[in-house]
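Please read the structure below before turning to the comments.
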Amino acid sequence: MKIKILYFARLKETLKFSTEDLELPDDAFASSLTILKLKAYLAKRNETWQQMLMGKLKVRGAINHELVDDNAPIADGDEVAFFPPVTGG
Amino acid sequence: MKIKILYFARLKETLKFSTEDLELPDDAFASSLTILKLKAYLAKRNETWQQMLMGKLKVRGAINHELVDDNAPIADGDEVAFFPPVTGG
Amino acid sequence: MAIRVQTQDFDAGLEIKLLRNARKDTGAVVSFIGQVRDLNEGDKVSQLTLEHYPGMTEKALEAIVTKAQSRWDIFDATVIHRVGTLQPTDQIVLVAVSSAHRGEAFKACEFIMDYLKTEAPFWKKEVTDSGERWIDAKHTDDNARERWLE
Amino acid sequence: MAIRVQTQDFDAGLEIKLLRNARKDTGAVVSFIGQVRDLNEGDKVSQLTLEHYPGMTEKALEAIVTKAQSRWDIFDATVIHRVGTLQPTDQIVLVAVSSAHRGEAFKACEFIMDYLKTEAPFWKKEVTDSGERWIDAKHTDDNARERWLE
């Protein structure tokens, strides 16, 4: 499965990533992928990723431009985004 | 005692009075004058006054530019106003 | 505080800008504009005349704004109310409130309008196809004010 | 419905006038303007940068306005939000709502702001004397939104 991941604000700055295309083998992990599982997967990259995605910072997720919660399922072709709580207005 | 009385909106139009100076003998009536007593006094002028001041129409009173209720006392020199409930904004 | 009762129209954008720029720590400006509707209680309205009680009007508006200022942490407020003869879509009233944060400005602005509607000495008379008529006060306006007494 | 995300400034007075004049039965326009404060959490702010999520932002704002329209009897709404680099007293956001009567417009305008603050993908970074910092989301904003769930 292929997904696109976007990072914003503090995450983008600290991870030094704004967009990435991620390809995962089409196995049981991919077919049951959720926002939380994807966070945990990415957090294994190194200490910084661990801290940013699974640490104290609250990270919100969006799938295809919709805010979702941690249990939302991710499908092939989805655009996923991670960012801190929003602060506009 | 001397007071000034102002009428507004529907009252002014129907009574054909916008301002009047009223002089009352300095007796017990004058010294215990209230908004309600003044209304009743004026209502005796004729049927139209009776209908406008003591009829179905809700009449509000003000003394010296302050909204007051029916029991508010009126003193010598006061400016009293009668008008329907306000409808600005 | 700026309180004006006038026959001429006003520039709402300018009044809001004046409030915005008066202090650099202003974070929010909430404003209300009321205008003449071409329809009231099912009848076409062609004209509206606003009468007021000169002398009392400004005092009543000032008292309402002072009450709002004592209740919420706002910076400033502007109230402009027109009198005289107006046409549909003409502006009637502007209430604009500035503050550091939005919650206070929203509450104070709505409070001022609810009290203006029930305590400021203005009366409306409208011209419809069937003639002239005085507009009656609405119970919904009394109820709107009652909310603030809790 | 007009939704705009832009770097350039906006003319709040003009936007309000457009809403006012769109319908002759408009009786009320309530608007909110948010601007950059020169002070935040006790520190002097010299600059503010707003980042957003292009593609999602407009959709999120549209969804919020649609929710407001389904809940209150309003005529129309305009939302303009700036992004990029701003200075103190610069305008950040305008929300303006038109309706026949004031109560609906006040509620819808505040609702849109409360949801914008918690659901629209914007992030603020400010420059103060002690350097740059991302602004954290506020619990008071979450609480403000919770009110509407009752």
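We name chains A, B, ... by the order of the sequence lines, and we start the count at 1 in each one. If you're wondering where the values come from, they're calculated on a predicted model, not measured in any experiment.
Between C:Pro54 and C:His52 there is a side-chain heavy-atom pair separated by less than 4.5 Å. With a 4.5 Å cut-off on side-chain heavy atoms, D:Trp134 and D:Glu51 count as touching.
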Inset, instruction - Carefully, step by step, assess D:Asp43 and D:Arg133 under the rule side chain to side chain contact (heavy atoms under 4.5 Å, CB included). - result: CA-CA 11 Å; D:Asp43 294 312; D:Arg133 66 183 179 199; 2.7 Å; yes
Inset, instruction - Assess whether side chain to side chain contact (heavy atoms under 4.5 Å, CB included) is satisfied between C:Glu126 and C:Gln47, documenting all intermediate values. - result: CA-CA 6 Å; C:Glu126 62 190 5; C:Gln47 197 176 283; over 6 Å; no
Inset, instruction - Verify side chain to side chain contact (heavy atoms under 4.5 Å, CB included) between C:Glu132 and C:Val127, making sure each step is shown before the conclusion. - result: CA-CA 4 Å; C:Glu132 285 192 351; C:Val127 180; 4.0 Å; yes
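Of residues 65-85 of chain D, no residue lies under 4.5 Å from chain C by any heavy-atom pair. Along residues 109-125 of chain C, the residues that come nearer than 4.5 angstrom to chain D, judged on non-hydrogen atoms, are C:Cys109, C:Glu110, C:Met113, C:Asp114, C:Lys117 in order of number. Using a 4.5 Å cut-off between non-hydrogen atoms, the part of residues 23-36 of chain C that approaches chain D consists of C:Arg23, C:Lys24, C:Asp25, C:Thr26, C:Gly27, C:Ala28, C:Val29, C:Val30, C:Ser31, C:Phe32, C:Ile33, C:Gly34, C:Gln35, C:Val36. Close approach to chain C, defined as a heavy atom under 4.5 Å from one of its heavy atoms, is seen in D:Gly13, D:Ile16, D:Arg20 of residues 1-20 of chain D, taken by number.
For a residue to count as touching a neighbouring chain, one of its non-hydrogen atoms must lie under 4.5 Å from one of that chain's; by this rule D:Ala96 does not touch chain C.
Among D:Ala144, D:Gly103, D:Ala100, D:Ala105, the residue making the largest number of heavy-atom pairs under 4.5 Å with chain C is D:Ala100. Ranked by heavy-atom pairs under 4.5 Å with chain D, the first of C:Val93, C:Asp141, C:Val95, C:Val45 is C:Asp141. With chain C as the partner, the residue from D:Asn21, D:Thr140, D:Ile92, D:Asp38 showing the most heavy-atom pairs under 4.5 Å is D:Asp38.
Between atom CE of residue C:Met56 and atom CG of residue C:Leu61 there is a gap of 9.5 Å, rounded to the nearest 0.5 Å. The structure places NZ of D:Lys138 at 7.5 Å from CD of D:Glu41, a figure rounded to the nearest 0.5 Å.
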